[in-house]
Amino acid sequence: MKLGVVGLPNVGKSTLFNAITQAGAQAANYPFCTIEPNVGVVAVPDARLDVLANMYAPEKITPTAIEFVDIAGLVRGAYKGEGLGNKFLSHIREVDAIVHVVRCFEDDDIVHVDGSVNPVRDMETINIELIFADMDAVGRAVARAQKSGKSGEKKYVSEIAFLQRIQAHLEAGHPVRSLELTAEERAEVKGMFLLTDKPVIYVANIAEREIGQEPPAVTHLYEEAAKQSAGALTICAKAEEEIAELSNEEKKEFLADMGIGESGLDSLVRECYSLLGLISYLTAGPKEVRAWTIERGTRAPQAAGKIHTDFERGFIRAEVVPYDTLVSLGSMQACKEKGLVRSEGKEYVMQDGDIVLFRFNV
């Protein structure tokens, strides 16, 4: 899971990324790794792991993780290669979703690239660059298809019509993700790696003094995100950077003093996880308690394959008990005695929070 953190200059993008990487470095349960200077990996918050750890006293606890990439800054004309535009766009093509940081705070000491705080305008600036880049890519694809289609073959006629439909949607100023497509068409578009086809979550970056409030700029951002059917949440990147440096106990005290249930970074990680249509199933025992990431709708054999390919190849059955059931009864043995551990076959669709033991034979 790779998410690209994007934004205009001076919006708090780097501050938020610093918070992300510091949180990764402080996470006791997940080894922080720096793949490149601009990449950080953090654990996906999951309170269920702590509960299972108390039950099983495992040698180690392994949460699932999410990777953030600090994308190079953007200027107008990026789609034409202005500034670091080409690098910016190539890095976005590699991520699964976009975290778009938008400035919603006023600060006379921090110059805004456009002279004033206007989240809707800033959102549009980056969106237009991505749309222009996609228009260029789709335009080239149309030209190639038309050249190949001079023979009159039906497959090229339908391909050209499909590409021109995407082209018209982009030219109208709309991202590809908002285009109504069949499952087959969506899969085809996915293979084109278009920038505006990627899911987006907007982050309204506010000042510390505004925590717990709803500034007008944030309201405008949420309204615009809703129009785009995109995700949105509010974070104070400066506060998150400070929180990330605290110990777990200090973090709890800080959040309690501010009247916040969880950090904005924890909310962001969970929202991104959900945005990508991901869920976790769990394995638990004395050696390890672990969360495994799968896409919603994954069947049992493919979920088993996340642990090892042999599990999928030799899949026999999955012994499944829901997390809530296990916790309420207190042990796997108690669940078995009450007949609540189900034996599921190859067609079983995994559910979030399933606690599973896979039986296989190779």
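What you see below is based on every heavy atom in this structure, not just the backbone, and it leaves out hydrogens, waters and symmetry mates.
- Inspection of the Gln228 and Ser178 side chains reveals no N or O donor paired with an N or O acceptor under 3.5 Å.
- Side-chain N/O atoms of Glu295 and Thr298 include no donor and acceptor closer than 3.5 Å.
- Interatomic distance, CG of Leu326 versus CG of Asp354, reported as 11.5 Å (0.5 Å rounding).
- In this structure, Leu276 is a member of the same hydrophobic cluster as Val39, with clusters built from ILVMFWY side-chain heavy atoms closer than 4.5 Å.
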Check the pair Glu171, Met135 against side-chain contact (heavy atoms from CB on, under 4.5 Å), reporting the backbone distance first and the verdict last.
CA-CA 7 Å; Glu171 288 173 352; Met135 283 170 59; 3.7 Å; yes

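- Note on Asp136 versus Arg140: salt bridge recorded, some NZ/NE/NH1/NH2 to OD/OE distance being below 4.0 Å.
- Leu130 has its side chain out of reach of Pro175: every pair of non-hydrogen atoms, C-beta onward, lies at least 4.5 Å apart.
- Proximity of a side-chain donor or acceptor of Ser274 to a complementary backbone N or O of Arg270 within less than 3.5 Å is not detected.
- Tyr202 has its side chain out of reach of Pro119: every pair of non-hydrogen atoms, C-beta onward, lies at least 4.5 Å apart.
- Between the Ser148 side chain and the Ala145 main chain, no donor and acceptor come within less than 3.5 Å of each other.
- Within the 4.5 Å cutoff, side-chain heavy atoms of Val349 are placed close to those of Gln351.
- Summarising the geometry, atom CZ belonging to Arg48 is positioned 5.0 Å from atom CG belonging to Leu282; distances are rounded to the nearest 0.5 Å.
- Contact between Phe17 and Val69 at its shortest, heavy atoms only, is CE1-C, 4.2 Å.
- The backbone N or O of Gly264 lies less than 3.5 Å from a partner atom in the side chain of Glu240, making a donor-acceptor pair.
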Under the side-chain contact (heavy atoms from CB on, under 4.5 Å) rule, what do Leu8 and Arg103 come out as? Steps first, then yes or no, please.
CA-CA 9 Å; Leu8 293 171; Arg103 178 172 170 175; over 6 Å; no

Applying side-chain contact (heavy atoms from CB on, under 4.5 Å) to Ile235 and Leu265, what does each step give before you reach the verdict?
CA-CA 8 Å; Ile235 281 181; Leu265 180 54; 5.7 Å; no

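- Between Phe358 and Phe311, the angle of the ring planes goes over 60°, which puts this pair in the perpendicular group of the 30/60° scheme.
- One hydrophobic cluster, built from ILVMFWY side chains closer than 4.5 Å, cannot hold both Ile294 and Leu3; they sit in different ones.
- Residues Leu181 and Arg165 form a side-chain contact, since some pair of their non-hydrogen atoms from C-beta on lies under 4.5 Å apart.
- Open room surrounds CD on Glu124; 12 or fewer heavy atoms of other groups in view lie less than 6.0 Å from it.
- Side-chain atoms of Glu67 do not come within 3.5 Å of backbone N or O of Ala65 as any donor-acceptor pair.
- A 4.5 Å side-chain heavy-atom check between Leu16 and Leu268 finds at least one atom pair inside the cut-off.
- To the nearest 0.5 Å, atom CZ of residue Arg299 and atom CD of residue Glu344 are 12.0 Å apart.
- When all heavy atoms of Gly173 and Ile131 are compared, the closest pair comes out as O-CD1, 3.4 Å.
- Shortest non-hydrogen contact noted between Ala318 and Ala300 is CB-CB, 4.3 Å.
- Taking 4.5 Å as the limit, every side-chain heavy atom of Thr309 sits out of range of all side-chain heavy atoms of Glu312.
- To the nearest 0.5 Å, atoms NZ (Lys198) and CD1 (Ile92) are separated by 8.5 Å.
- Heavy atoms only, all atoms of each residue included: Ser263 and Leu255 are closest at N-CD1, 3.7 Å.
- Between the side chain of Asn205 and the backbone N or O of Val102, no donor-acceptor pair lies under 3.5 Å.
- Within the 4.5 Å cutoff, the side chain of Phe162 has heavy atoms near those of the Val189 side chain.
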Quick one, Asp46 with Val44, criterion side-chain contact (heavy atoms from CB on, under 4.5 Å). Give me CA distance, side-chain angles, the key distance, then yes/no.
CA-CA 6 Å; Asp46 193 336; Val44 175; 5.6 Å; no

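- In this structure, Val142 is a member of the same hydrophobic cluster as Leu179, with clusters built from ILVMFWY side-chain heavy atoms closer than 4.5 Å.
- Residues Met55 and Tyr323 are members of one and the same hydrophobic cluster, defined by side-chain heavy-atom contacts under 4.5 angstrom among Ile, Leu, Val, Met, Phe, Trp and Tyr.
- The two residues Asp134 and Leu195 make their nearest non-hydrogen contact at OD1-N, 2.9 Å.
- Side chain of Lys252 to backbone of Ser247: no donor-acceptor contact under 3.5 angstrom is found.
- Formation of a donor-acceptor pair under 3.5 Å by the Lys238 side chain with backbone atoms of Glu208 is not found in this model.
- Here the CZ atom belonging to Arg342 is positioned 11.0 Å from the SG atom belonging to Cys335, to the nearest 0.5 angstrom.
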Can you list the steps and then say if Thr219 with Glu214 is a side chain to side chain donor-acceptor pair (under 3.5 Å)?
CA-CA 7 Å; Thr219 301; Glu214 293 186 11; 4.7 Å; no

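- Considering CD of Glu59 and NZ of Lys287, their distance stands at 7.0 Å, rounded to 0.5 Å.
- A donor-acceptor distance shorter than 3.5 angstrom exists from the side chain of Tyr281 to the backbone of Ala303, with no hydrogens or angles considered.
- Looking at Asp197 and Lys190, no side-chain N of the basic residue comes within less than 4.0 Å of a carboxylate O on the acidic one, giving no salt bridge.
- Using a distance-only test at 3.5 Å, with no hydrogens or angles considered, no donor-acceptor pair links the side chain of Arg317 to the main chain of Ser343.
- Hydrophobic clustering, with ILVMFWY side chains joined whenever heavy atoms are under 4.5 angstrom apart, keeps Val269 apart from Trp292.
- Using a 4.5 Å heavy-atom cutoff, the side chains of Ser267 and Glu262 are in contact.
- A donor-acceptor distance shorter than 3.5 angstrom exists from the side chain of Tyr222 to the backbone of Thr234, with no hydrogens or angles considered.
- Shown here for Pro215 and Ile206, the closest heavy-atom pair between the two residues is CG-CG2, 4.5 Å.
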